[in-house]
Amino acid sequence: MSEWLIKKTLKKRNKLYKCHMRTNEDRHYAAYRAVNTEVNMKIQMAKQSYKENLIKRLEEQKNTPHRFWKIAKEIYGNKKDSIPTLIDG
């Protein structure tokens with residue numbers, strides 16, 4: 001899914017939302033909801049495609065340990081559960 005296609009659909013959605021807010025008509029709201037659903041599906045597909053691409057890169061044999069962990073952190077995030085520092089006050 002290309003980025004420009006998502007941006008184009010986002011602009012269309014925002015335009016329909018403004019039109020609905022200005023006129024408060026049900027047909028404008030229905031059009032906005034349809035395009036909004038389309039935008040959300042495109043974003044989900046783009047995210048899934050991105051993650052699948054990362055997983056393919058992760059499975060390559062020529063990865064160094066540094067590159068492997070860099071890609072793994074992109075996929076799973078860098079979650080650290082740390083204890084906050086103590087402040088004497």
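Given the structure is predicted, the values throughout are model-derived calculations rather than measurements.
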Nearest-0.5 Å distance, CZ of residue Phe68 to NZ of residue Lys73: 11.5 Å
Asp26 side, atom CG; His28 side, atom NE2 - distance, nearest 0.5 Å: 10.5 Å
Cluster overlap Leu10 with Met41, hydrophobic side-chain contacts below 4.5 Å: no
Residues which pass ring-ring contact (aromatic ring centres under 6.0 Å, His included) with Tyr50, listed by chain and number, not counting sequence neighbours: none
Least distance between heavy atoms, Leu16 atom then Ala31 atom: CD1-O, 3.7 Å
Crowding at CG, Asn53 (>12 non-hydrogen neighbours, <6.0 Å): yes
Option from Met45, Lys42, Lys11 for which side chain to side chain contact (heavy atoms under 4.5 Å, CB included) with Ile6 holds: Lys42
Point-to-point distance, once rounded to the nearest 0.5 Å, from OG1 of Thr9 to NZ of Lys7: 12.5 Å
CD-NZ distance between Gln44 and Lys47, expressed to the nearest 0.5 angstrom: 7.5 Å
Atom pair OH (Tyr32) and NZ (Lys12), whose distance is rounded to the nearest 0.5 Å: 14.0 Å
Close side-chain approach of Arg67 to Arg57, heavy-atom, < 4.5 Å: yes
Within 6.0 angstrom of Glu25 CD, more than 12 heavy atoms from elsewhere: yes
